[in-house]
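Note sheet for the following structure.
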Amino acid sequence: MTTQSSSHHVFILMGVSGSGKSVVANQVSHQLNTAFLDGDFLHPRANILKMAEGHPLDDNDRQPWLQALNDAAFAMQRTQAISIIVCSALKKRYRDILRQGNDNLRFIYLKGDFDTIESRLKARKGHFFKPQMLVTQFATLEEPGADEPDVLTVDINHSVDEVVAATVAAIGKAINKG
């Protein structure tokens, strides 16, 4: 029995908070008529309670969450031709955990500069923006390099429609390249 189909693919939309991961994933999944999972839904109860109390998660807190996302990616690629997961995946070791046993997994890095993302976060309706959170996100971010050829980069310094179109194109190119 095969564990996954070579024609099935999972794409993790990654980037700092405010880079548009959820908005882009939602629109891309709608256009491609495919599965979409917000990775935050898989946080264990302890993580949710810790964050609700205003405490940041550490790598030990993230370990079971990343494993749950890894398992979700494995399950999704067994049943969907294309699946999309939203996960910040800020550190290379987080991306490595997500890759384990998921040969058909790729990342799409929604890349933007601090000023662009800060202005978008400030403009969000009904969202209290904490500038320090964005500073922390950028400090934590380990940008993918040449040693991560499974990471595709989409520049977010465009309209949402253009970012969505670029993401759909990146997915199409990755799938056709095999």
Side-chain angles (χ1 to χ4, degrees), residues 2-43 65-66 68-90 94-127 129 134 137-138 141 143-145 148-178:
T2 60
T3 56
Q4 59 196 21
S5 169
S6 62
S7 65
H8 289 193
H9 303 272
V10 176
F11 294 89
I12 295 183
L13 269 62
M14 63 161 287
V16 299
S17 180
S19 61
K21 296 181 299 290
S22 295
V23 169
V24 172
N26 190 23
Q27 291 189 30
V28 168
S29 69
H30 180 74
Q31 283 188 25
L32 298 178
N33 192 28
T34 192
F36 157 47
L37 171 67
D38 186 328
D40 284 346
F41 294 155
L42 295 183
H43 271 293
W65 171 62
L66 291 165
L69 284 168
N70 176 289
D71 291 343
F74 180 79
M76 291 171 86
Q77 68 184 321
R78 290 178 54 89
T79 60
Q80 298 287 317
I82 300 172
S83 299
I84 298 170
I85 298 174
V86 170
C87 172
S88 56
L90 297 178
Y94 301 166
R95 296 188 291 275
D96 288 344
I97 291 168
L98 296 168
R99 288 180 176 108
Q100 291 171 4
N102 291 317
D103 296 335
N104 293 343
L105 184 139
R106 290 191 179 90
F107 295 87
I108 298 178
Y109 172 34
L110 298 180
K111 181 178 181 171
D113 61 67
F114 186 93
D115 292 338
T116 298
I117 294 172
E118 181 182 41
S119 68
R120 290 180 183 182
L121 285 171
K122 285 180 178 176
R124 279 187 182 174
K125 302 252 187 275
H127 185 270
F129 172 60
L134 188 57
Q137 291 262 302
F138 271 94
L141 175 64
E143 283 201 325
E148 294 183 86
D150 59 351
V151 180
L152 314 167
T153 301
V154 171
D155 180 0
I156 65 159
N157 196 19
H158 301 283
S159 72
V160 172
D161 289 343
E162 290 171 312
V163 173
V164 168
T167 303
V168 168
I171 289 171
K173 185 176 177 183
I175 288 171
N176 291 327
K177 192 166 133 184

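The first residue of the sequence shown is numbered 1, and numbering continues consecutively from there.
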With side-chain hydrogen bond (donor to acceptor under 3.5 Å, both in side chains) as the rule and sequence neighbours excluded, what pairs involving residues 160-169 come up?
Ser159-Glu162

List the atom pairs, donor and acceptor, that lie under 3.5 Å between side-chain atoms in residues 79-88 and the rest of the protein, sequence neighbours left out.
{"from": "Thr79", "atom 1": "OG1", "to": "Met76", "atom 2": "O", "distance (Å)": "3.4"}

Measuring from Tyr109:OH to Ile156:CD1, what's the distance to the nearest 0.5 Å?
8.5 Å

Is any side-chain heavy atom of Leu42 closer than 4.5 Å to a side-chain heavy atom of Leu37?
yes

So, using salt bridge (charged side-chain N to carboxylate O under 4.0 Å, His left out) as the criterion, who are the partners of Asp96 when residues are at least two apart?
Lys92, Arg99

For Arg95 against Glu143, the heavy-atom pair lying closest together:
NH2-C, 4.1 Å

Output for pair (Tyr94 OH, Trp65 CH2), nearest 0.5 Å, gives 8.5 Å

Under 3.5 Å, is there a donor on one side chain and an acceptor on the other for Asn70 and Gln100?
no

Check whether any side-chain N or O of Gln137 sits under 3.5 Å from a backbone N or O of Ser17 as a donor-acceptor pair, and report yes or no.
yes

Using the ring-ring contact (aromatic ring centres under 6.0 Å, His included) criterion, which residues pair with Phe138? Sequence neighbours excluded.
Phe114

Arg106 side, atom CZ; Asp150 side, atom CG - distance, nearest 0.5 Å:
8.0 Å

The criterion is side chain to side chain donor-acceptor pair (under 3.5 Å); which residues satisfy it with Asp38, sequence neighbours excluded?
none

Donor-acceptor pair, side chain of Lys21 and main chain of Gly15, under 3.5 angstrom
yes

Any idea which heavy atoms bring Leu98 and Ala89 closest together, and the distance?
CD1-CB, 4.3 Å

Side chain to side chain donor-acceptor pair (under 3.5 Å) partners for Thr116, two or more places apart:
Asp113

To the nearest 0.5 Å, atom CG of Leu152 lies from atom CG of Leu13 at 10.0 Å

Rounded to the nearest 0.5 Å, how far does NE2 of His8 lie from CG of Asn104?
9.0 Å

